[in-house]
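Shown next, in structure tokens, is the structure this report addresses.
Computed from a predicted structure; not experimentally measured. Every heavy atom of this structure was used, including side-chain atoms; hydrogens, water molecules and symmetry mates were not.
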Amino acid sequence: MAIKPATFTLAYAIDVLKEHHLLREIVHGRRWTLDASDLPGANEPVGSITYDTRKVEPGSMLFVKGRFKPEFLDGIDGKGLAAYVAETEYADRTKAIGIIVEDVHKAMSLLSAAFYGMPQNELTVIGITGTKGKTTTAYFTQAILNAYSNGRCALFSSVDNCLDGHTYVESELTTPESLDAFRMMREAADNGMRYLVMEVSSQAYKVNRVHGLTFDVGAFLNISPDHISDIEHPTFEDYLYCKR
């Protein structure tokens, strides 16, 4: 990966996207470029990252994904948006720098990891997948590793997330959105965790929530023809592909 500066900047983000062949173009006002040096504030720290326009603050980078409506950007310049990452430009809605990418989910995963200082490199990450038994196996694995490491194992599961080895908070997704996952990994590493056990759903792979994340240990428990539908996997072959 591109050499990381002391702080996460727009220029560094663009270097990462170029390295992974995700950058399509950069839009600033009426100008299009591929060179970060053309941009004002390219070497200034990005203050925060988010995929929720309601959480934008001065210096934020916004990821535009999912069922996004352009009107969500109305008034965003008043909040101090620095840049947005999207698959299409919104120059008619905001004066912020537009970083246009081939796949915003892949871009968000890679940039989130970089923003939070590559926390996965400070943890031994165990990924568990399978149609059935992921949660039970994840809890057993965390318990074993906690006993071995004196409580230094974090957990991401469909039931709870645990970032300090003993406090459990109800989770929203089996596998968190990539930005949330790397933020929580950063917190876990800062809490002194040495291990992380993750449930990894097939949907997480399908929508690139774990793009760029290399697991130190992986467990594939089983597979059966579940989750075949118009909103999950169109065929069993697609399901198996994502699982494996």
Side-chain angles (χ1 to χ4, degrees), residues 1 4 6-8 13 16 46-52 55 61 63 65 105-222 227 242-244:
M1 183 174 281
K4 188 181 186 303
T7 55
F8 181 87
V16 170
V46 172
S48 63
I49 58 174
T50 184
Y51 52 82
D52 186 341
K55 295 182 179 179
M61 174 182 285
F63 295 97
K65 68 175 189 68
H105 292 91
K106 290 181 178 180
M108 183 168 70
S109 189
L110 293 168
L111 295 183
S112 296
F115 180 85
Y116 289 108
M118 310 299 286
Q120 67 272 31
N121 294 343
E122 301 171 40
L123 301 162
T124 297
V125 184
I126 298 98
I128 297 172
T129 198
T131 304
K132 296 178 175 66
K134 293 188 297 297
T135 303
T136 301
T137 304
Y139 272 86
F140 276 135
T141 304
Q142 188 207 20
I144 292 167
L145 288 171
N146 263 342
Y148 169 75
S149 65
N150 195 28
R152 294 185 179 183
C153 183
L155 171 72
F156 295 170
S157 86
S158 57
V159 177
D160 292 308
N161 296 318
C162 174
L163 307 182
D164 62 2
H166 59 84
T167 304
Y168 294 83
V169 178
E170 186 176 353
S171 62
E172 296 181 0
L173 295 169
T174 299
T175 308
E177 189 62 82
S178 59
L179 188 153
D180 301 319
F182 286 109
R183 172 180 51 78
M184 291 193 294
M185 285 183 210
R186 177 75 273 151
E187 185 175 342
D190 289 349
N191 284 338
M193 297 298 100
R194 291 166 47 195
Y195 302 93
L196 167 63
V197 178
M198 288 182 64
E199 284 188 54
V200 187
S201 68
S202 57
Q203 281 292 301
Y205 270 101
K206 191 171 181 68
V207 300
N208 293 305
R209 285 186 199 142
V210 290
H211 182 74
L213 177 61
T214 299
F215 295 94
D216 297 289
V217 179
F220 191 146
L221 304 179
N222 52 58
H227 306 293
C242 290
K243 279 292 188 194
R244 71 173 186 260

Cys162 side chain reached by Asp164 side chain, heavy atoms, under 4.5 Å: yes

Side chains of Phe215 and Gln120 in contact at under 4.5 Å (non-hydrogen atoms): no

From CA spacing to verdict: side chain to side chain contact (heavy atoms under 4.5 Å, CB included), Thr174, Phe156: CA-CA 7 Å; Thr174 299; Phe156 295 170; over 6 Å; no

Side chain to side chain contact (heavy atoms under 4.5 Å, CB included) evaluation trace for Val197 with Tyr139: CA-CA 8 Å; Val197 178; Tyr139 272 86; over 6 Å; no

Asp190 CG to Met185 CE distance, which is reported to the nearest 0.5 Å: 13.5 Å

Point-to-point distance, once rounded to the nearest 0.5 Å, from OG of Ser158 to CD of Glu172: 13.0 Å

Check: Phe8 ring centroid to Phe115 ring centroid under 6.0 Å: yes

Pair Thr135-Glu199, side-chain donor/acceptor within less than 3.5 Å: yes

Exercise: do Asp160 and Ser157 side chains pair donor with acceptor under 3.5 Å: no

Evaluate whether atom [atom1] of [X] has more than 12 neighbouring non-hydrogen atoms of other residues, nucleotides or ligands under 6.0 angstrom away.
{"X": "Asp52", "atom1": "CG", "result": "yes"}
{"X": "Tyr168", "atom1": "OH", "result": "yes"}
{"X": "Phe220", "atom1": "CZ", "result": "yes"}

Cationic N near anionic O, under 4.0 Å, Glu177 to Lys65: yes

Set of side chain to side chain contact (heavy atoms under 4.5 Å, CB included) partners for Thr124, sequence neighbours left out: Ile126, Tyr195, Asp216

Trace of the side chain to side chain contact (heavy atoms under 4.5 Å, CB included) decision for Thr129 with Leu221: CA-CA 6 Å; Thr129 198; Leu221 304 179; over 6 Å; no

Closest contact, heavy atoms only, Met61 versus Ala13: CE-CB, 4.0 Å

